[in-house]
Visitor: 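Starting off with a structure, shown below.
The figures that follow rest on heavy atoms only: side chains count, while hydrogens, waters and symmetry mates do not.
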Amino acid sequence: MKTRFARGITVAVAFGLVVLGATQASGSTAATTIKFKEATQLPDLVARFSGAVVDGKVYFLGWRVGDGTTTDGSVYYYDIAKKKFVDTGTDMPTPVSNYNISVLKDKTGTGLYIFGGRDTNGDIVTDTQVYYPASNTAKEIKTDPWPGTTPSAC
């Protein structure tokens with residue numbers, strides 16, 4: 001008895017989905033109201049940056065200013081629970097944009113690594129840099145330069 005009931009429910013749901021799909025395909029749609037709410041904004045108009053999550057915070061290791069004139073190496077994080085941006089007061093040794101972050105653990109702890117990128121002049125750099133959230137420190141790894149040419153000519 002339970003098996004027949006379960007099959008009956010499955011058939012009914014499948015039939016409903018088919019009818020719903022046919023209605024949508026025929027162009028008949030229900031009116032939908034979407035309301036957007038502006039989120040917390042970064043302190044500056046910025047572009048060409050990446051973020052990585054560590055311990056409930058999204059870290060950003062610099063960016064290109066929106067008008068493209070300057071690259072800033074300021075390290076910010078977005079506290080997900082508090083919905084607030086915070087300037088850590090630390091800057092990356094070589095400010096870059098057009099980067100991606102790799103979260104890696106080394107002997108110092110969890111590090112946010114960036115390999116290469118573009119400097120303020122738009123030149124490709126080969127720097128390998130790391131930011132450690134636990135100690136709020138940033139450094140360049142001079143013994144291991146990035147051999148690639150990001151973001152173009154890879």
Side-chain angles (χ1 to χ4, degrees), residues 13-14 16-18 20-154:
V13 169
L17 291 173
V18 168
L20 178 64
T23 303
Q24 294 297 323
S26 69
S28 173
T29 59
T32 303
T33 303
I34 299 173
K35 293 184 180 182
F36 290 95
K37 181 179 177 186
E38 190 164 322
T40 306
Q41 298 289 314
L42 269 165
D44 296 311
L45 178 61
V46 300
R48 299 183 183 194
F49 61 96
S50 184
V53 178
V54 175
D55 296 330
K57 297 173 182 170
V58 184
Y59 287 88
F60 306 97
L61 308 181
W63 50 71
R64 183 174 296 276
V65 175
D67 65 5
T69 59
T70 306
T71 300
D72 187 319
S74 299
V75 177
Y76 274 75
Y77 68 80
Y78 178 73
D79 188 310
I80 296 169
K82 294 179 181 178
K83 299 181 180 179
K84 181 178 179 180
F85 282 97
V86 176
D87 183 348
T88 66
T90 298
D91 292 346
M92 297 306 290
T94 303
V96 294
S97 65
N98 299 67
Y99 63 85
N100 285 311
I101 299 173
S102 297
V103 181
L104 304 170
K105 290 192 180 202
D106 61 22
K107 65 182 179 184
T108 304
T110 299
L112 306 180
Y113 282 78
I114 52 178
F115 305 92
R118 291 181 63 181
D119 66 11
T120 293
N121 299 321
D123 294 329
I124 306 297
V125 299
T126 58
D127 300 26
T128 297
Q129 302 179 82
V130 61
Y131 171 76
Y132 294 102
S135 62
N136 191 31
T137 57
K139 67 180 184 177
E140 180 180 352
I141 313 285
K142 294 186 182 215
T143 58
D144 193 12
W146 173 246
T149 53
T150 60
S152 59
C154 290

Visitor: So, using side chain to side chain donor-acceptor pair (under 3.5 Å) as the criterion, who are the partners of Thr143 when residues are at least two apart?
Guide: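 Expected list: none.
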Visitor: Looking at Thr120 and Thr69, what are the two nearest heavy atoms and their distance?
Guide: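 Minimum heavy-atom separation between Thr120 and Thr69: CG2-O, 3.6 Å.
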Visitor: Would you say the side-chain atoms of Asp79 pair up with the backbone N or O of Ala81, donor to acceptor, closer than 3.5 Å?
Guide: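 Such a contact is found between Asp79 side chain and Ala81 backbone.
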Visitor: How close do Glu140 and Thr94 get, counting heavy atoms only, and between which atoms?
Guide: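 Nearest heavy atoms, Glu140 then Thr94: OE1-OG1, 4.2 Å.
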Visitor: Using side-chain heavy atoms (C-beta onward) and a distance below 4.5 Å, is Asp72 in contact with Pro95?
Guide: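 No, their side chains stay 4.5 Å or more apart.
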Visitor: Could you please spell out the steps behind the side-chain contact (heavy atoms from CB on, under 4.5 Å) verdict for Arg118 and Ile124?
Guide: CA-CA 5 Å; Arg118 291 181 63 181; Ile124 306 297; 3.9 Å; yes
Visitor: Answer yes or no: is there a side-chain heavy-atom contact under 4.5 Å between Ile141 and Gln129?
Guide: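 The answer is no; the side chains never approach within 4.5 Å.
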Visitor: Under the rule for side chain to side chain contact (heavy atoms under 4.5 Å, CB included), what residues qualify as partners of Thr88, not counting sequence neighbours?
Guide: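 Counting only residues at least two positions away or on another chain, Thr88 forms a side chain to side chain contact (heavy atoms under 4.5 Å, CB included) with Val75, Tyr77, Thr90, Tyr131, Asn136.
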Visitor: Not counting sequence neighbours, which residues clear side chain to side chain contact (heavy atoms under 4.5 Å, CB included) with Val58? List them please.
Guide: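 Val53, Phe60, Tyr78, Ile80.
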Visitor: Counting neighbours of CG on Asp106 that are heavy atoms of other residues, nucleotides or ligands and sit closer than 6.0 Å, is the number greater than 12?
Guide: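 Above 12, so yes.
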Visitor: Is there a side-chain contact between Met92 and Ile114 (heavy atoms, below 4.5 Å)?
Guide: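 They are in side-chain contact.
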Visitor: Tell me, do Val54 and Leu112 make a side-chain contact under 4.5 Å, heavy atoms counted?
Guide: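 Yes - at least one pair of side-chain heavy atoms lies under 4.5 Å apart.
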Visitor: Quickly, which of Phe49, Tyr59, Trp63 forms a ring pair (Phe, Tyr, Trp, His ring centres under 6.0 Å) with Tyr76? Name it, please.
Guide: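 Of the listed residues Phe49, Tyr59, Trp63, the ring pair (Phe, Tyr, Trp, His ring centres under 6.0 Å) partner of Tyr76 is Trp63.
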Visitor: With sequence neighbours excluded, what pairs up with Tyr132 under the ring-ring contact (aromatic ring centres under 6.0 Å, His included) test?
Guide: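 Here no residue qualifies.
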Visitor: Mind checking what makes side chain to side chain donor-acceptor pair (under 3.5 Å) contact with Thr137, not counting sequence neighbours?
Guide: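 Here the qualifying residues are Ser135.
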Visitor: So, using side chain to side chain contact (heavy atoms under 4.5 Å, CB included) as the criterion, who are the partners of Asp119 when residues are at least two apart?
Guide: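 Expected list: Asn121, Asp123, Val125.
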Visitor: Who passes ring-ring contact (aromatic ring centres under 6.0 Å, His included) against Tyr99, sequence neighbours left out?
Guide: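 If we apply the ring-ring contact (aromatic ring centres under 6.0 Å, His included) test to Tyr99, skipping adjacent residues, there are no hits.
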Visitor: For Ser97 versus Arg48, what's the shortest heavy-atom pair and its separation?
Guide: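 That would be CB-O, 3.4 Å.
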Visitor: Restricting to non-hydrogen atoms, name the atom on Val103 and the atom on Ala52 that form the minimum distance, rounded to 0.1 Å.
Guide: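 For Val103 and Ala52, the tightest heavy-atom pair comes out as CG2-CB, 3.8 Å.
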Visitor: Counting C-beta onward and ignoring hydrogens, is there a side-chain heavy-atom pair between Pro133 and Asp55 closer than 4.5 Å?
Guide: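 A side-chain contact is absent here, since even the closest heavy-atom pair is not under 4.5 Å.
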Visitor: Under the side chain to side chain donor-acceptor pair (under 3.5 Å) rule, collect the residues that match up with Thr128, sequence neighbours excluded.
Guide: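 In terms of side chain to side chain donor-acceptor pair (under 3.5 Å), with neighbours along the sequence ignored, Thr128 is linked to no residue.
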Visitor: Closest approach of Gly117 and Val96, non-hydrogen atoms and distance?
Guide: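 Smallest heavy-atom distance, with atoms named: CA-CB, 4.2 Å.
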